[in-house]
Enquirer: 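Mind looking over this structure? Questions follow.
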Amino acid sequence: MKEEIRRLGLKLGLDGVGFAAPVLPPAGRRFSTWLDSGYGAGMAYLHRTRDLRLCPEKFFPDVKTVLAVILNYYNPEPADVQRGAEGRISPDTPVGRDARISRYAWGRDYHKTLTRRLQRYLEEIQRRFPDAKGRVAVDTAPVMDKLWAEAAGLGWQGRHTNLITRNYGSWVFIGTLWLNIELPPDPAHSNYCGSCTKCLDACPTGALISPNLLDARRCISYWNVEHRGPFGKETPPFDRWLYGCDVCQEVCPWNRFSTPASESDFLPRSSLLKMELKSWAGLNDAEYEKLTRGSAMRRAKQEGLRRNACWLGKTKGERD
């Protein structure tokens, strides 16, 4: 039954399917300590949903198995964008000319794509096993998806806190299906980071303060995606990142094994990647609607994207 369910997921286009027992992995117990230490910055929703994240049975009372899935989203940067190899900006590119966007937001909003795929997956499982019940979760749901993917044997959490897989590196989206069917768990994945500290060394703001410990108060992705309101002296420079930040993933040796995603929804939109900083700073309503329709970039909202662009355009003296 377990292998039939796994084959079904792969047939639906998922790039990995794993099974875990509904027992919070040991690393999950560090979440409260991390949150109480202030590392969650202004993300109040993490405090509100703490109990759900720590208690699987509260999220889905009938859970007997946590089924974790991954979907590769890697794509090289389009040739017409001309930023250099693997999407990195050339060192001689004039400051303020380019606004970088995290690779996960290059195509269609993955929440829509992966949620739709998981809902279909659950329907197919229920068609074959009528007594099956379940609940779908992508990362907007109050579950710690990276921990469950690791527990289900799909990869391991790298020192940058992202899930790393042997076949796709860290360029993967994660989803979970919470099932009332008890299935044998897969063995948890070993950690293959070895002695590598490239991600910690490369972080532009020192947000990775030690292996597997991220301080969101220093993280570019927190400030230009999650933070609401104006910026101040505590806001770090963004190192050309308009939305998100991929530096820790770009330097990860495991991402040398990345291959282009088969999912067409994740193909990059050149219209987004070719936008210059001044255009983002003056983004009007019609441009915002056209550029970000169906995009994860709507998380920052129109005013947030304009705010980010204005911050990127300031000199250090102006930011101070």
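Each residue takes its place number in the sequence, starting with 1. In this text the structure is predicted, and so the values were computed from the model without any measurement.
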Enquirer: Applying ring pair (Phe, Tyr, Trp, His ring centres under 6.0 Å), run through W223 and W241 and close with a yes or a no.
Expert: CA-CA 10 Å; W223 284 101; W241 290 97; over 10 Å; no
Enquirer: Indicate the ring-plane relationship of F31 and W34, choosing parallel, tilted or perpendicular according to the 30° and 60° boundaries.
Expert: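 The rings of F31 and W34 lie parallel, inter-plane angle below 30°.
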Enquirer: Check for me, please, whether L71 and Y121 land in the same ILVMFWY cluster - side-chain distances under 4.5 Å, paths through other members count.
Expert: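 In one cluster: yes.
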Enquirer: Is the closest basic N to carboxylate O distance between R116 and D265 below 4.0 Å?
Expert: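 So R116 pairs with D265 through a salt bridge.
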Enquirer: Under a 3.5 Å threshold, yes or no: a donor from one side chain and an acceptor from the other, between D139 and Y110?
Expert: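 Their side chains do contain a donor-acceptor pair, which is all the 3.5 Å distance test asks for.
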Enquirer: To check you understand the geometry: which heavy-atom pair defines the closest contact between I174 and A149, and what is its length?
Expert: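 In terms of heavy atoms, the two residues are closest at CG2-CB, 3.9 Å.
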Enquirer: So, taking the atom named CD in Q249 and the one named CG in N162, what distance separates them when rounded to the nearest 0.5 Å?
Expert: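 Those atoms lie 4.5 Å apart.
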Enquirer: Among side-chain atoms of N255 and E250, is any donor-acceptor pair under 3.5 angstrom?
Expert: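 Their side chains do not contain a donor-acceptor pair, so the 3.5 Å distance test is not met.
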Enquirer: Please lay out, stage by stage, how Y39 and R217 fare under the test side-chain contact (heavy atoms from CB on, under 4.5 Å).
Expert: CA-CA 6 Å; Y39 293 136; R217 295 169 297 188; 3.4 Å; yes
Enquirer: Does NZ or CZ of R6 come closer than 6.0 Å to the centre of the six-membered ring of F19, within 45° of the ring's axis?
Expert: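 Not flagged: R6 not positioned over aromatic ring of F19.
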Enquirer: Are the side chains of L305 and T292 in touch, meaning some heavy atoms are under 4.5 Å apart?
Expert: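 Touching, per the 4.5 Å side-chain cut-off.
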Enquirer: Whether K2 and D186 form a salt bridge (side-chain N of Lys/Arg under 4.0 Å from carboxylate O of Asp/Glu) is what I want to check.
Expert: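 Looking at D186 and K2, the cut-off is met.
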Enquirer: Are V136 and V172 grouped together when hydrophobic residues (ILVMFWY) are joined by side-chain heavy atoms under 4.5 angstrom apart?
Expert: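 Not linked; separate clusters.
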Enquirer: Compute whether any side-chain donor of one residue and acceptor of the other, for D36 and S32, lie under 3.5 angstrom apart.
Expert: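 No.
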Enquirer: In Å, rounded to the nearest 0.5 Å, how long is the span from CG of N75 to CD of E263?
Expert: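 Interatomic distance, N75 CG to E263 CD, rounded to 0.5 Å: 10.0 Å.
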Enquirer: Between T259 and Y168, is the side-chain contact (heavy atoms from CB on, under 4.5 Å) condition met? List the steps.
Expert: CA-CA 7 Å; T259 56; Y168 306 104; 4.2 Å; yes
Enquirer: For E182, I'd like to know if atom CD has over 12 heavy atoms of other residues, nucleotides or ligands within 6.0 Å.
Expert: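 It does not: E182 CD has 12 such atoms or fewer within range.
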Enquirer: Do C203 and T205 make a side-chain contact, defined as non-hydrogen atoms from C-beta onward lying under 4.5 Å apart?
Expert: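 Sidechains of T205 and C203: in contact.
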Enquirer: Below 4.5 Å, heavy atoms only, C-beta onward: do P211 and T197 meet side chain to side chain?
Expert: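 Side chain of P211 against side chain of T197, heavy atoms only: no contact under 4.5 Å found.
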Enquirer: Enter the distance from E150:CD to D145:CG here, rounded to the nearest 0.5 Å.
Expert: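 If we round to the nearest 0.5 Å, E150:CD and D145:CG are 12.0 Å apart.
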Enquirer: Kindly indicate whether the side chain of L177, heavy atoms from C-beta on, has any atom under 4.5 Å from the side chain of V69.
Expert: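 Side-chain contact under 4.5 Å: no.
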Enquirer: Does any non-hydrogen side-chain atom of W171 lie less than 4.5 Å from one of D246?
Expert: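 Yes. Closest side-chain heavy atoms under 4.5 Å.
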Enquirer: Determine, using the 4.5 Å side-chain heavy-atom cutoff (strictly less than), whether V247 and L163 are members of one ILVMFWY cluster.
Expert: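 No, separate clusters.
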Enquirer: May I have the step-by-step check of salt bridge (Lys or Arg N to Asp or Glu O under 4.0 Å) for K274 and E77, ending in yes or no?
Expert: CA-CA 11 Å; K274 291 169 71 173; E77 198 160 43; over 6 Å; no
Enquirer: What closest approach, in Å, do A21 and P185 show between heavy atoms, and which atom pair accounts for it?
Expert: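 Heavy atoms only, the tightest pair is N-CB, 3.8 Å.
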Enquirer: So, taking the atom named CD1 in I181 and the one named NZ in K64, what distance separates them when rounded to the nearest 0.5 Å?
Expert: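 Atom-to-atom, I181:CD1 and K64:NZ are 10.5 Å apart.
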Enquirer: Run the salt-bridge test on E124 and R128 with the 4.0 Å N-O cut-off and return the result as yes or no.
Expert: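 Here E124 pairs with R128 in a salt bridge, since their nearest N and O are under 4.0 Å apart.
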Enquirer: Hydrophobic clusters here meaning ILVMFWY residues chained together by side-chain heavy-atom distances under 4.5 Å, can you tell me if L52 and V63 are in one?
Expert: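 No, because L52 and V63 fall into different hydrophobic clusters, even though each may have its own neighbours under 4.5 Å.
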Enquirer: Measuring from H160:NE2 to K198:NZ, what's the distance to the nearest 0.5 Å?
Expert: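 Those atoms lie 12.5 Å apart.
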Enquirer: What residue among L118, L122, T176, L179 forms side chain to side chain contact (heavy atoms under 4.5 Å, CB included) with L67?
Expert: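 Single pass found, and it is L179.
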Enquirer: Let's go through R103 and Y73 carefully: what are the C-alpha distance in whole Å and the side-chain angles of both, what is the deciding distance for side-chain contact (heavy atoms from CB on, under 4.5 Å) to 0.1 Å, and is it a yes or a no?
Expert: CA-CA 8 Å; R103 197 178 297 264; Y73 69 87; 4.1 Å; yes
Enquirer: Once you round to the nearest 0.5 Å, how far does OG of S102 lie from CG of L242?
Expert: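 The CG atom of L242 is 11.0 Å from OG of S102, to the nearest 0.5 Å.
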Enquirer: Which atoms form the tightest heavy-atom contact between C199 and R159, and what is the distance?
Expert: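 Looks like SG-CB, 3.7 Å.
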Enquirer: How about R53 and L24: do any of their side-chain heavy atoms sit closer than 4.5 Å?
Expert: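 In short, these two side chains do not touch, never coming nearer than 4.5 Å.
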Enquirer: Report the residue from Y243, F231, Y222, W280 that forms a ring-ring contact (aromatic ring centres under 6.0 Å, His included) with F238.
Expert: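 Only match with F238 under ring-ring contact (aromatic ring centres under 6.0 Å, His included): F231.
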Enquirer: Please tell me whether L283 and I101 are part of a single hydrophobic cluster in this structure, the criterion being side-chain heavy atoms less than 4.5 Å apart.
Expert: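 L283 clusters together with I101.
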Enquirer: Any donor-acceptor pair under 3.5 Å linking the side-chain atoms of N72 with those of S262?
Expert: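 No, because no side-chain N or O of S262 sits under 3.5 Å from a partner of the opposite role on N72.
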Enquirer: Going through the distances and angles, do V17 and L10 end up as a side-chain contact (heavy atoms from CB on, under 4.5 Å)?
Expert: CA-CA 7 Å; V17 176; L10 299 176; 4.3 Å; yes
Enquirer: Can you label the angle between the W156 ring and the H189 ring as parallel, tilted or perpendicular, going by 30° and 60°?
Expert: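 Tilted: the ring planes of W156 and H189 meet at 30° to 60°.
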